Amino acid sequence: MNTIHKIIGTWALPLLVVSGVLLAGCQNGQQIGSSDDAASKVYVAPGEHDEFYGFFSGGYNGQLGIYGLPSGRHLFTVPVFSQAPVNGYGYSEETKAMLNTSHGFVPWGDAHHPELSQTNGETDGRWIFINENNTPRVARIGLDDFKTQEIIEIPNSAGNHASPFVTPNTEYISAATRFSIPMDDKDMQNMDVPIDSYKENFRGTLSFIKVSDKGKMNIDFQILMPGFDYDLSHAGKGPSDGWSFFTSYNSEEANTLLEINASKNDKDFIAAVNWKKAAEYVKQGKGTMMPGEHVRNYIDHEEGGIAKSETIEEVRVLDPRKLDGLVYFLPTPKSPHGVDVDPSGKYIVAGGKLSTVIPVHSFAKMKKAIENEEFEGEVMGVPVLNYDSILYGEVENPGLGPLHTEFDGKGNAYTTAFISSEIVKWDIEKTEVVDRINTYYSPGHLMIPGGDSQKPDGKYLVALNKITKDRYLPTGPEMFHSAQLIDISGEKMKLLLDFPTEGEPHYAQGIAAEKVIENQKRFYKLEDNGHPDAITSEKQARVERDGNEVHIYMTAIRSHFTPDNIEGVKVGDEVYFHITNLEQDWDVPHGFAIKGANNAELLIMPGETLSFKWEPQKEGVFPFYCTDFCSALHQEMQGYVRVSPKGSDVEIAYGTGQ
């Protein structure tokens, strides 16, 4: 019997059983796994705050969702890689540049993995990073104002999936290509070659992005890799600090029908990268500067929060065939997805999608195997270590389809089993399963607040489930995905809560609220507003014509705009509303919308200036109004723009009727 027949034989019955469970649903067991006091454990009384922030990737909505834990309440959505009509992100003149790439303006992204910044191996509440899979990018979001502050594109990459995982002091965030592409050794360009030349021409890259103390990101180096598919990553800690670990699959280097052709080998690899050695090579000027056009977008706070773009033409590439000690391959069964390093930094845990065990590698054994050159061979200059030499142990009976693991800081690991729809708890030192709990259904990732750091908070676990059938009121064929909150504070896991999540969360991060709250912005000080089109009083409000451009410098305050009557605009003009919210009180935004605008509204925070472009297509009188209910006289917060025919002699006039 060949390998693929063995796979089908092994998995056919479990798959049929699980499929039956999913089709049948949970008709008589909606509360299976729940504790009697679950409601009291997740109840957050009116006026009280949740204990944790939960940051959930939005998947194909391209955004970052913020949830309170344990309540499961959706608190906020941060626009990142996709335009957001709710507040004008990606539409306003200040934010459009955030979505620039080397491919042009890209208004959508596929956001997968949020990752909190760390100091000394612990989450610190400064920033959260998130990747974009489709058009490879990484974003940095400030946790002082919950806004996207910077986005950097990843060149020489396709499918930026294993990203953006941080080192223990946020020296670097890493990004690996999911899809290898044809790149030559001369200029790293995506070549026009036959797809079936995959094994000869296709390569992958691992990128390391340096993060400054103020958060600025730049690609310090890329490592050229064999043409595998690179999946998830985590950095070492403690004794393994200085290393990062990336899973890879498709060691067969197949290019078609990967569900068959990339599932033949008994083992694929974890790539162990010595990033400290790589950084030393870079300081020595080693490696080669190669073409690598990419765009960096950032908010220029010195110019009032306007997004700027810069294009960078090249990147330093390190080749493991020329530089020793950069990367080693750890053989790992089978088609591994997640790789996770326990809080002690001693153990490297892999989740093989098609493996019947969870392999646990020993970092100490890995180092010894490297020193003793216990190699099974090499792939493109990367030594392959002996499996038995690096293995600490294998967790048996881990559920079907183990994917992702996190830790509670009390000696236990928790792994999702996608196919058998469960979370499995196991003892790290003993490599033995000690508990398991059903999920509903098909969990991909899971999250424990701080669960991938050196100091997890072992109180709650969130399972991120892909299927929601029979959990909520039906909404047609399309339903939100589901998260389930599980109590892990005791010996046995207890299901506490289901809550729906926006988009398709792939991963999440959690942090104690107290680490974030103390740094929150509540409003922007008018005296610090450096926007070139800001005005700080109604006396400065005005309308100016420059050729066919009309610039309206407007203020908003409860409950009127100044000016609120504007004439002299003509068909074909480009009209820019520059609106400053004069409020200096927390949570008093003002909205702005005008009839016929074909982009979005604005939502302007207290003390902020945002700009809105409108191109009237016909004459008439067009109302504008505040879209955010701001006071008892919110309905009265409106105005009019008169649009006259092109070429007419109507002069600019404006005011408030006073």
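No experiment lies behind these values; they were computed from the predicted model shown. Numbers here simply count residues along the sequence, with the first being 1.
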Classify the angle between the aromatic ring planes of [X] and [Y] as parallel (below 30°), tilted (30 to 60°) or perpendicular (above 60°).
X	Y	value
Phe52	Tyr460	perpendicular
Tyr507	His234	perpendicular
His506	His112	parallel
Phe624	Phe561	perpendicular
Tyr576	His578	parallel

- prompt: When rounded to the nearest 0.5 angstrom, what is the spacing between OG1 in Thr555 and CG in Leu582?
  reply: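 Here the rounded value is 4.5 Å.
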field: Approximate separation, where rounding is to 0.5 Å, of Ser233 OG and His113 NE2
entry: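 If we round to the nearest 0.5 Å, Ser233:OG and His113:NE2 are 10.5 Å apart.
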Just by modelled atom types, is the [Y] backbone N or O under 3.5 Å from a matching donor or acceptor in the [X] side chain?
X	Y	value
His294	Gly292	yes
Arg140	Gly215	yes
Tyr298	Ile152	no
Thr148	Pro79	yes
Asp628	Cys630	no
Thr205	Asn156	yes
Glu171	Asn169	yes
Asp564	Gly639	no
Glu293	Pro291	no
Asn529	Gly607	yes

Between [Y] and [X], do the side chains contain a donor N or O and an acceptor N or O under 3.5 Å apart?
X	Y	result
Ser102	Glu153	yes
Thr627	Glu601	yes
Asp124	Thr119	yes
Ser71	Asp50	yes
Tyr524	Thr609	no
Gln222	Ser207	yes
Ser559	Ser631	yes

message: Could you go through Ile209 and Ile154, starting from their C-alpha distance and side-chain angles, then the distance that decides it, and tell me whether this counts as side-chain contact (heavy atoms from CB on, under 4.5 Å)?
response: CA-CA 9 Å; Ile209 303 164; Ile154 312 298; 3.5 Å; yes
task: Could you check Arg296 against Glu150 for salt bridge (charged side-chain N to carboxylate O under 4.0 Å, His left out), going step by step and ending with a plain yes or no?
output: CA-CA 7 Å; Arg296 173 179 169 260; Glu150 185 177 5; 2.6 Å; yes
Over all atoms of both residues, closest heavy-atom pair of Cys626 and His634: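 Smallest interatomic distance, heavy atoms only, reads O-CE1, 2.8 Å.
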message: For Tyr654 and Tyr553, I'd like to know if the aromatic rings sit close, meaning centre-to-centre distance below 6.0 Å.
response: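 No, ring centres 6.0 Å or more apart.
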- prompt: Do the ring centers of Tyr53 and Phe146 come within less than 6.0 Å of each other?
  reply: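 Ring centres of Phe146 and Tyr53 closer than 6.0 Å.
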query: How about Asp528: does its CG atom have over 12 heavy atoms from other parts shown lying under 6.0 Å from it?
result: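 Counting neighbours around CG of Asp528, more than 12 heavy atoms of other residues, nucleotides or ligands fall under 6.0 Å, so yes.
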task: Count the heavy atoms belonging to other residues, nucleotides or ligands that lie under 6.0 Å from NZ of Lys308, then report whether that count exceeds 12.
output: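 For Lys308, atom NZ is crowded (more than 12 foreign heavy atoms under 6.0 Å).
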message: In the structure I gave you, are the side-chain heavy atoms of Pro616 and Val571 within less than 4.5 Å of one another anywhere?
response: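 Counting from C-beta outward, Pro616 and Val571 never come under 4.5 Å.
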query: With the threshold set at 4.0 Å, does a side-chain nitrogen-carboxylate oxygen contact exist between Glu583 and Arg558?
result: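 Yes, this pair counts.
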field: Trace of the salt bridge (charged side-chain N to carboxylate O under 4.0 Å, His left out) decision for Glu608 with Lys147
entry: CA-CA 13 Å; Glu608 184 179 37; Lys147 287 189 176 182; 2.8 Å; yes
